[in-house]
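Structure first, then comments.
In what follows, chains carry the letters A, B, and so on, assigned in the order in which the sequence lines appear, proteins first and then strands, with residues in each chain numbered from 1.
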Amino acid sequence: MTRYTPSEIEARWQTAWEQSQIFKAVRSASKPKYYVLEMFPYPSGRIHMGHVRNYTMGDVIARYKLAKGFNVLHPMGWDSFGLAAENAAMQKGIHPGEWTYQNIEDMKAQMKPLGFSLDWSREIATCHPDYYQHQQAMFIDMIEAGLIYRKNAIVNWDPVDMTVLANEQVEQGRGWRSGALVERRELTQWFFKISDYSDELLSALDTLENWPAKVRLMQENWIGKSRGLQFAFSTVNAPDGHDRIEVYTTRPDTLLGASFVGISPDHPIAKLLERDNAEIAAFTAECRKGGTTEEAIETAEKLGFDTGIRVRHPFDTSQELPVYIANFILMDYGTGAIFGCPAHDQRDFEFATKYGLPIIATYLPSEDASDELTEAYVPPKTEKVFYNRGFAGEQWQTGLEGIDTAIEFCEAQGVGQGVTKFRLRDWGLSRQRYWGCPIPVVHCDDCGVVPEKKENLPVKLPEDVTFDIPGNPLDRHTEWRTTPCPSCGKSALRETDTMDTFVDSSWYYARFTAPHADTPTVMEDAEYWMNVDQYIGGVEHAILHLLYARFFARAMHITGHLPESAIEPFDALFTQGMVTHAIYKSTKPVTMGDTELTFGNTDVTFEMTNRPIFHYPEEVILKGDKAFLKEGGEEVEIIPSAKMSKSKNNVVDPLNIISDFGADTARWFVLSDSPPERDVEWTASGAEAGYKHLGRVWNISDRIAAMDENAAGTGDDDLLRQMHKAIHDVTMAIESFGFNAAIAKLYAFTAILQKSKASKAAQRKAVMTLAQLMSPMTPHLAEDIWAMQGGEGLIATAPWPVADEAMMKDDTVTLPIQVNGKRRGEIDVPADMPKDEVEKLALAHEAVIRILDGGTPKKVIVVPGRIVNVVV
RNA sequence: GCGGGCGUGAUGGAAUGGUAGACAUACCAGACUUAAAAUCUGUUGGGGUGUAGCCCCGUGUGGGUUCGAGUCCCACCGCCCGCACCA
């Protein structure tokens with residue numbers, strides 16, 4: 001007797017697909033195109049279940065669209081520049097390039113057995129000069145188009161290693177290697193003028209109907225359009241040249257509640273003062289400690305320093321407000337200075353309480369409410385409030401009205417003007433690192449900053465570098481750095497900063513349309529293949545990557561590399577959840593040897609009485625809802641649904657799953673248990689269940705194939721009705737990304753088919769349809785069943801089955817009957833029975849009669865085909 | 001701190017505002033077997049009761065809208081993600 005053997009089946013069909021070249025995308029006028037793209041991976045060296053889930057979802061769409069008759073483009077590549085390669089270089093003494101290319105080989109070998117319908121002839125790697133030379137060419141175009149400029153910006157500086165740190169390399173305000181307290185430093189860096197497109201990127205969000213609402217909302221908030229008042233306080237005793245302090249506020253209606261002015265530690269006045277005042281210098285130095293992330297700044301303790309400078313209130317020049325340097329004010333947003341209104345901002349409230357500043361309410365919830373506040377009063381802007389210190393508009397008005405009338409009033413009085421500002425900052429792309437795309441410019445003593453000539457591209461990374469000293473090896477590579485100035489020909493120095501890896505991933509989708517062209521894109525190909533019809537990736541990219549890609553597509557259009565129709569490159573977006581796994585944890589008392597554990601060089605020592613031990617899933621045996629060690633039998637704690645992480649030993653390797661159960665099972669399971677947008681917990685029992693089910697389907701097909709050709713049976717109509725329902729339900733589910741629901745339907749239909757006593761002809765039709773419906777998820781098994789039943793050609797290219805509405809209809813329906821919304825019974829009625837007859841039948845139901853108890857119902861609601869509700 | 005999301009049996013989850021718990025796991029019971037595995041079948045939200053029946057409660061908590069709310073609105077609690085140099 002034969003049985004389901006995935007290893008044999010999967011190898012066979014992968015070879016068949018490869019030989020037939022059915023996944024190779026070729027431009028064709030005769031078919032509509034469909035471009036499906038999953039966010040390309042960083043080549044870390046191993047694929048993980050998250051990749052499997054991401055690419056399986058994309059593959060389901062790609063294979064489904066192929067069966068629907070589309071000309072499908074489904075490419076794959078590598079986001080292969082980045083920090084991890086340099087870390088590997090430092091730890092293992094291996095060149096980042098060698099490490100990266102080896103990882104690409106390894107990961108490709110791990111992906112192949114999963115049977116994705118990818119066009120590998122279009123493979124790209126962003127770290128290859130074939131890719132990044134075009135990025136350099138576009139960079140030069142964008143400089144010329146005025147989309148790129150240089151300015152000073154702040155970075156994390158490790159004073160011991162003398163190097164710039166990424167945010168990720170800062171742990172609790174210290175450098176991860178040196179353990180030194182991180183400082184902020186200013187460097188001249190390159191920027192994309194993304195902020196010029198704030199309004200455009202914001203308003204175009206409305207056109208992205210097939211993006212998740214939450215992603216659009218997050219981008220909207222990130223861009224952060226606000227209308228406010230910009231005005232100046234005149235200073236009383238400020239240093240020369242600073243007789244005004246410009247501030248921006250989104251709440252000009254609270255101007256009479258101002259009790260102080262706050263300036264950023266990086267504000268020009270603060271910088272001026274710190275030169276001559278040691279106390280202020282010490283304070284601003286303190287403010288500059290710690291990481292540069294917004295989170296670090298916002299959660300740090302609020303600190304202020306009274307500069308002694310006073311400003312006059314614009315409406316009452318006799319009133320003077322103190323000017324504080326405050327650590328929570330960002331130089332990047334607004335003017336780097338604010339007025340503090342403690343009554344209506346919790347942060348200002350805490351600041352005022354700490355430094356003994358007045359708290360002056362300007363509006364209150366009611367006319368008789370006390371203006372002695374114990375916390376900031378911050379109602380929604382749409383709520384009507386009583387302005388006890390209003391100066392424009394009505395006494396009772398909403399915050400929004402208050403703001404508008406305040407701006408109008410101030411403009412009329414000549415106190416500032418209404419302005420629209422955005423939270424979005426320009427995109428700093430300079431990285432002081434080796435493993436990235438070199439910025440193709442040259443610094444010449446005579447000509448200044450000069451873009452490299454296009455004919456000199458690519459500016460290739462030098463290979464002979466070492467990572468034994470912290471910092472960027474390009475800085476130390478004199479031979480590479482020294483180059484003739486493209487303008488005057490004199491000896492000059494190359495830029496040693498490389499580009500943010502977000503640049504690489506901001507246009508790869510466009511490169512896939514012409515991956516081997518000697519220009520960044522080819523207009524004909526871009527016009528045919530763009531846009532990406534379905535983009536799939538993690539929600540963690542909801543803001544930065546997607547916003548940058550949207551900007552870059554516009555920049556590429558301006559510089560002639562994309563058609564205007566492609567400025568929103570992703571027509572539909574789907575954000576999928578993570579794959580998680582339980583953690584098995586036990587604790588061991590700490591022994592003499594390890595009472596002092598040192599983390600990095602941070603000089604932090606821990607005294608612990610118990611140490612957590614994380615066990616691999618293979619070391620654990622599950623009994624019911626408890627887990628025990630295989631060796632020793634000790635019970636261990638189960639922590640459910642944690643992100644897979646090496647340090648927690650809860651990573652499941654897809655390769656093991658493939659060798660145990662086959663790729664189809666891995667693909668089936670990652671889709672089956674949770675909705676795609678939510679996290680899915682990997683469980684061994686779930687994977688096994690999938691494997692058993694696939695075996696069951698194979699056995700059913702085997703049994704049907706062995707039936708006598710003319711075997712008659714009973715229930716053909718019923719089986720075919722269920723088949724058409726399954727086609728309908730599964731198709732709808734795939735269209736709406738309800739893969740888990742699709743799989744539930746497939747389970748149900750399989751159970752029906754298994755029990756069916758229908759004729760061979762009907763059963764054969766049913767199992768072939770089942771295989772087609774399963775083919776996007778489990779393509780190898782589907783091909784095998786198709787072949788077993790004598791199907792023509794490959795199932796991958798067979799037309800998708802169509803549900804016949806007429807054959808799906810049931811003759812009778814069961815309607816639940818509710819009384820006052822509670823279910824009290826049900827009736828079977830013909831599907832097309834008119835409402836009034838259904839109502840009569842419902843009122844004649846014994847449960848209804850009993851509850852009515854002779855009375856008459858107030859109302860009867862009949863929802864045809866759904867429900868009857870009797871209101872009494 | 002700010003922004004976004006999620007919360008349903010023992011577990012993962014299903015449910016165009018219309019029978020809450022589809023489908024799967026786990027557990028339990030049964031068939032087959034010397035036995036185990038595999039396979040197949042069936043039960044399983046909680047409580048009450050006059051136990052083939054009927055009733056009450058039940059979707060994080062508290063309110064609201066509706067003939068009808070897991071679904072919509074408000075407040076709260078908990079968890080997860082992002083915060084511009086990780087990708």
Side-chain angles (χ1 to χ4, degrees), chain A residues 39 41-42 44 79 81-84 153 155-156 164-170 189 212-215 217-218 220-222 224 291-300 302 328 332 346-347 423-433 500-502 504-505 538-545 547-548 577-578 622-625 640-641 643 669 672-675 677-681 683 685-686 688-690 692-693 695-696 699 738 740-741 743-748 751 754 814-826 847 857-861 863 865-872:
Chain A
M39 290 178 185
Y42 178 80
S44 60
D79 188 12
F81 273 136
L83 202 51
V155 294
N156 298 306
V164 176
L165 296 177
N167 283 339
E168 194 190 48
Q169 297 171 311
V170 178
Q189 307 200 59
K214 66 171 173 183
V215 173
L217 187 57
M218 278 191 257
E220 186 183 325
N221 289 331
W222 186 262
T292 56
T293 68
E294 195 170 311
E295 185 192 5
I297 293 162
E298 293 289 330
T299 53
K302 309 288 173 279
F328 57 88
D332 289 320
Q346 191 56 33
R347 200 168 51 179
R423 205 185 76 101
L424 181 64
R425 311 201 291 257
D426 277 334
W427 170 12
L429 67 108
S430 300
R431 296 293 180 269
Q432 294 69 42
R433 271 183 254 297
D500 179 7
T501 56
F502 272 123
D504 312 338
S505 56
V539 71
E540 66 273 18
H541 297 288
I543 296 172
L544 291 179
H545 162 60
L547 192 62
Y548 290 156
M578 289 184 303
L622 293 173
K623 283 180 189 158
D625 54 2
S641 287
K643 187 173 179 170
F669 179 76
S672 68
D673 249 22
S674 290
E677 67 276 15
R678 254 197 262 177
D679 293 350
V680 62
E681 178 164 342
T683 59
S685 55
E688 258 170 66
K692 283 180 195 171
H693 178 76
R696 211 150 35 220
N699 288 339
N740 56 326
I743 283 177
K745 302 283 181 203
L746 288 168
Y747 268 112
Q754 189 166 31
T814 304
L815 292 185
I817 299 176
Q818 294 183 335
V819 179
N820 289 338
K822 283 196 204 299
R823 186 180 172 282
R824 295 296 165 175
E826 56 185 36
K858 269 192 205 154
K859 201 171 174 186
V860 181
I861 291 147
V863 184
R866 298 237 74 134
I867 205 165
V868 182
N869 193 12
V870 181
V871 188
V872 300

If you only use heavy atoms from C-beta on, which nucleotide in B:A87, B:C56, B:A26 is closest to the side chain of A:Phe502? B:A87

Could you tell me whether A:Gly428 contacts a base, only the sugar-phosphate backbone, or nothing, with contacts defined as non-hydrogen atoms closer than 4.0 Å? sugar-phosphate

Base, sugar-phosphate alone, or nothing: which one does A:Leu424 contact when heavy atoms must sit under 4.0 Å apart? base

Using the purine O4'-C1'-N9-C4 or pyrimidine O4'-C1'-N1-C2 torsion, is B:G9 syn (within 90° of 0) or anti? syn

Please measure how far the P atom in B:U43 lies from the corresponding atom in B:G48, and state the result in whole Å. 23 Å

Side-chain atoms of A:Pro675 come closest, of B:U19, B:A14, B:G1, to B:A14

Can you tell me, in whole Å, how much space there is between the P of B:G45 and that of B:C73? 31 Å

Considering only B:G12, B:G1, B:C85, which nucleotide approaches the side chain of A:Ser674 most closely? B:G12

Of A:Arg823 and A:Ser685, whose closest RNA chain B nucleotide lies nearer the 5' terminus? A:Arg823

Shortest side-chain distance from A:Arg696, nucleotide among B:A87, B:C23, B:C40: B:C40

With C1' as the reference atom in both, quote the distance from B:U65 to B:C6 in angstrom, rounded to an integer. 24 Å

Is any side-chain heavy atom of A:Val155 closer than 4.5 Å to a side-chain heavy atom of A:Gln189? yes

Assuming nearest nucleotide by heavy-atom distance, tell me which of A:Arg433 and A:Ala748 is located more 5' along RNA chain B. A:Ala748

In terms of side-chain heavy atoms of A:Asp673, which of B:U19, B:C40, B:G12 is nearest? B:G12

Check RNA chain B for consecutive Watson-Crick or G-U pairs with both distances under 3.5 Å and list the runs of at least three as stems. B:1-7 with B:77-83, B:10-12 with B:23-25, B:28-31 with B:39-42, B:45-49 with B:53-57, B:60-64 with B:72-76

Side chain of A:Ala166, heavy atoms from C-beta onward: which of B:C85, B:A87, B:C40 has the nearest atom to it? B:C85

Among the nucleotides B:U19, B:G13, B:U16, which one has an atom lying closest to any side-chain atom of A:Arg866? B:U16

Give A:Phe328 one of three labels, base, sugar-phosphate or nothing, depending on what nucleic acid heavy atoms sit under 4.0 Å from its own. nothing

Polar atom pairs (N or O), protein with nucleotides 2-4 of chain B, under 3.5 Å:
| residue | atom | partner | partner atom | Å |
| --- | --- | --- | --- | --- |
| B:G3 | O3' | A:Asn221 | ND2 | 2.8 |
| B:G3 | O2' | A:Asn221 | ND2 | 3.2 |
| B:G4 | OP1 | A:Asn221 | ND2 | 3.4 |

What's the closest nucleotide to the side chain of A:Glu540 if the choices are B:G13, B:G82, B:C23? B:G82

Which value, in whole Å, describes the distance between the C1' atoms of nucleotides B:U59 and B:A69? 11 Å

Please state whether the base of B:C6 and the side chain of A:Arg678 form at least one donor-acceptor pair under 3.5 Å? no

Hey, does A:Gln189 reach any base, or is it just sugar-phosphate, or nothing, if we go heavy atoms under 4.0 Å? base

Residues A:Lys214 and A:Glu677 bridged, charged N to O under 4.0 Å: no

Classify A:Thr293 by what it touches in the nucleic acid, base, sugar-phosphate, or nothing, heavy-atom distance under 4.0 Å. sugar-phosphate

If you look at every strand shown and take non-hydrogen atoms under 4.0 Å, does A:Ser44 touch a base, only sugar-phosphate, or nothing? nothing

Categorize A:Lys858 for me: base, sugar-phosphate, or nothing, with a 4.0 angstrom heavy-atom threshold over every strand shown. nothing

Please evaluate the base of B:C6 for a donor-acceptor partner in the side chain of A:Glu677 within a cut-off of under 3.5 Å? no

N/O to N/O distances under 3.5 Å, protein versus nucleotides 67-78 of chain B:
| residue | atom | partner | partner atom | Å |
| --- | --- | --- | --- | --- |
| B:C67 | O2' | A:Asn869 | ND2 | 3.3 |
| B:C67 | O2 | A:Asn869 | ND2 | 2.5 |

Base, sugar-phosphate or nothing for A:Gly686? Non-hydrogen atoms, less than 4.0 Å. nothing

Counting heavy atoms from C-beta on, name the nucleotide in B:A87, B:C85, B:C56 closest to the side chain of A:Arg824. B:C56

When we call it a touch if two heavy atoms are under 4.0 Å apart, what does A:Gln346 touch: a base, just sugar-phosphate, or nothing? nothing

Euclidean distance for P, B:G60 against B:U11 (whole angstrom): 13 Å

How would you label the contact of A:Ala689 with the nucleic acid (heavy atoms, under 4.0 Å): base, sugar-phosphate, or nothing? sugar-phosphate

Look at the side chain of A:Lys822 and decide which nucleotide, out of B:A87, B:C57, B:G12, has an atom nearest to it. B:C57

Using the P atom as the reference point in each nucleotide, state the distance between B:G82 and B:G30 in Å, no decimals. 50 Å

